[in-house]
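Because only heavy atoms are used, hydrogens play no part in the values below, and waters and symmetry mates are left out as well, while side chains stay in. Not measured: the values here are computed from a predicted model. Proteins come first, then strands; the chains are lettered A, B, ... in the order of their sequence lines, and each starts at number 1.
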There are 2 protein chains.
Amino acid sequence: MGGIEAGGMEFDLDLSKPLYEQVLQQIRGSIARGGIALGDKIPSVRELAQTLKINPNTVMRAYQELERDGLTETRRGQGTFITTNDEVVQNIRYNLAREATKEFLEKMYSIGFTKTDIQRFLGEGDE
Amino acid sequence: MGGIEAGGMEFDLDLSKPLYEQVLQQIRGSIARGGIALGDKIPSVRELAQTLKINPNTVMRAYQELERDGLTETRRGQGTFITTNDEVVQNIRYNLAREATKEFLEKMYSIGFTKTDIQRFLGEGDE
DNA sequence: GTAGTGTATTATATCACTTAATACACTCAG
DNA sequence: CTGAGTGTATTAAGTGATATAATACACTAC
């Protein structure tokens, strides 16, 4: 619900975090989970800005971070494309997972959870 | 390393997040993991501000959130004390864990990890 | 009374984020 | 060649959260 479709991706923006960061994360997520194919073109800066009702500069910022990470290639006059280098994608995916895990474990340890506590906790609420 | 001791707690401030939030989290962590005993007095607003070299208003903000959560009781003219109500502490602890877990799982799912992937991933790098 | 508590207020400064309005360089279809 | 659509850069402005500073007040204990 509430999501906006653009270029085969689903966008869901709120006010909890910077917009450019949400755009970045949601495109990165689409790439990592294979929701969008390698080599595909993503919407132009202006087009996505208009669709999401945000400023082109804000979209631009997200796109630049994607390119810095090697997840996209931009061709002046043509558009922005998902990289075809699967290794880069897998590395990013692994690093994101590592980072999220590290952060999670640190938070849990800081409130007095042990490793076994965490295992047990993750098992809760399963279907 | 780099940590500052104050009132039996260890403080470690950086620029990655708001200062008041870090102070809040680190005191809350101390309580949750039992690093500080129920009923104990924590440093006065002015004292902690001086020790951490930050503004009293910033410390105040953290203290007010702690009290709103029921983790501390403030007695005008006397100081701020950790609650003696262990149930409140355990509830907060559980909620923090739940929140951290939810955030973690959502992040992992968003980059295409399945539940079993995550289990495997958490097992990595163990001693 | 004095010193040490929490608390409130007002003002100021800074920074990140976002928008807006332009302008330029490039590519492609016509 | 022209025009529309790309990415890109620049400058200006506004907003809100954060943090500091200075001050004052209410309360408690000694």
Side-chain angles (χ1 to χ4, degrees), chain A residues 4 6-9 11-27 36 39-84, chain B residues 4 6-9 11-28 31 36 39-84:
Chain A
I4 300 176
M9 297 176 289
F11 290 90
D12 217 330
L13 303 183
D14 55 49
L15 298 172
S16 68
K17 279 180 301 187
L19 295 174
Y20 79 90
E21 203 173 306
Q22 298 181 56
V23 173
L24 162 68
Q25 287 175 347
Q26 289 173 25
I27 296 179
I36 188 167
D40 271 15
K41 186 172 183 297
I42 61 177
S44 77
V45 171
R46 290 173 181 83
E47 186 190 347
L48 186 57
Q50 194 170 11
T51 305
L52 301 182
K53 299 187 205 313
I54 62 180
N55 196 277
N57 293 340
T58 305
V59 175
M60 190 56 198
R61 182 160 178 188
Y63 277 24
Q64 283 177 331
E65 290 211 33
L66 285 169
E67 193 185 20
R68 228 188 314 112
D69 289 345
L71 284 176
T72 59
E73 290 165 11
T74 61
R75 304 179 205 144
R76 217 189 177 90
Q78 297 187 50
T80 303
F81 302 81
I82 308 297
T83 181
T84 53
Chain B
I4 300 177
M9 296 176 290
F11 290 90
D12 217 331
L13 304 183
D14 55 49
L15 299 172
S16 68
K17 280 179 301 188
L19 295 175
Y20 79 90
E21 202 174 308
Q22 298 182 55
V23 173
L24 163 67
Q25 285 175 346
Q26 289 173 28
I27 295 178
R28 200 169 50 187
I31 301 173
I36 188 167
D40 272 14
K41 185 172 183 295
I42 61 177
S44 77
V45 171
R46 291 172 181 82
E47 185 190 346
L48 186 56
Q50 194 170 11
T51 304
L52 301 182
K53 299 188 207 314
I54 63 180
N55 195 279
N57 291 340
T58 306
V59 174
M60 190 58 198
R61 184 162 175 187
Y63 277 24
Q64 283 177 332
E65 291 212 31
L66 285 169
E67 192 184 21
R68 229 188 313 114
D69 289 344
L71 284 177
T72 59
E73 291 166 12
T74 60
R75 305 180 203 143
R76 217 187 178 88
Q78 297 185 47
T80 304
F81 302 81
I82 307 297
T83 180
T84 54

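Using five terminal pairs a side, the axes of the helix from dG1(C)-dC30(D) to dG30(C)-dC1(D) at its two ends make an angle of 10°, given in steps of 10 degrees.
Separating the CZ atom of Arg46(A) from the P atom of dA21(C) is a distance of 14 Å, rounded to the nearest angstrom. As rounded to whole Å, 13 Å separates atom C1' of dT18(C) from atom CG of Leu13(A). One can place CG of Leu19(A) at 17 Å from P of dA16(C), the figure rounded to the nearest angstrom. Protein atom CD of Glu21(A) is 14 Å distant from nucleotide atom C1' of dT18(C), rounded to whole Å. In this entry the distance linking CG of Leu48(B) with C1' of dG4(C) reads 16 Å, nearest Å. Taking atom CG on Asn55(B) and atom C1' on dT9(C), their separation rounds to 13 Å, with Å as the unit. In this entry the distance linking CD1 of Ile42(B) with P of dG4(C) reads 19 Å, nearest Å.
Taking for each of Gly77(A) and Lys17(A) the nucleotide of DNA chain C with the nearest heavy atom, the 5'-most of the two is the partner of Lys17(A). When the nearest nucleotides of DNA chain C are assigned to Gln22(A) and Arg75(A) by heavy-atom distance, the more 5′-ward of the two goes with Gln22(A).
Within residues 57-66 of chain A, the residues having any heavy atom closer than 4.0 Å to DNA chain C are, in order of number, Asn57(A), Thr58(A), Arg61(A).
Qualifying side chain to side chain contact (heavy atoms under 4.5 Å, CB included) partners for Met9(A), counting only residues two or more places apart in sequence or in other chains: Phe11(A), Ile27(A), Ser30(A), Ile36(A), Ile42(A), Pro43(A). By the side chain to side chain contact (heavy atoms under 4.5 Å, CB included) test, Arg46(B) pairs with Ser44(B), sequence neighbours left out. When the side-chain hydrogen bond (donor to acceptor under 3.5 Å, both in side chains) test is applied to Arg61(A), the partners found at least two apart in sequence or on another chain are Tyr20(A).
Note that the CD atom of Gln78(A) and the CD atom of Glu73(A) stand 11.0 Å from one another [nearest 0.5 Å]. In this structure, OG in Ser16(B) is found 5.0 Å from CD in Gln22(B), a value given to the nearest 0.5 Å.
Contact check, Tyr20(A) against dC17(C): a side-chain N or O comes under 4.0 Å of OP1 or OP2. The side chain of Gln78(A) contributes no N or O atom lying less than 4.0 Å from OP1 or OP2 of dC26(C).
Boundaries of the chain A contact region on DNA chain D are dG5(D) to dT10(D), first to last in 5' to 3' order (nucleotide atom under 4.0 Å from a heavy atom).
Residues Ile4(A) and Lys53(A) have side chains not in contact (no heavy-atom distance under 4.5 Å, counting atoms from C-beta outward). Looking only at side-chain heavy atoms (C-beta outward), Glu65(B) and Arg68(B) come within less than 4.5 Å of each other.
Partner of Leu52(A) under the side-chain contact (heavy atoms from CB on, under 4.5 Å) criterion, out of Leu13(A), Leu19(A), Thr58(A): Leu13(A) alone. Considering Thr83(B), Ile82(B), Leu71(B), Thr74(B) as possible partners of Leu66(B), the one that fulfils the side-chain contact (heavy atoms from CB on, under 4.5 Å) test is Leu71(B).
No more than 12 heavy atoms of other residues, nucleotides or ligands sit less than 6.0 Å from atom CD of Gln50(B). For Glu67(B), the CD atom is densely surrounded, since the number of other residues' heavy atoms within 6.0 Å is greater than 12.
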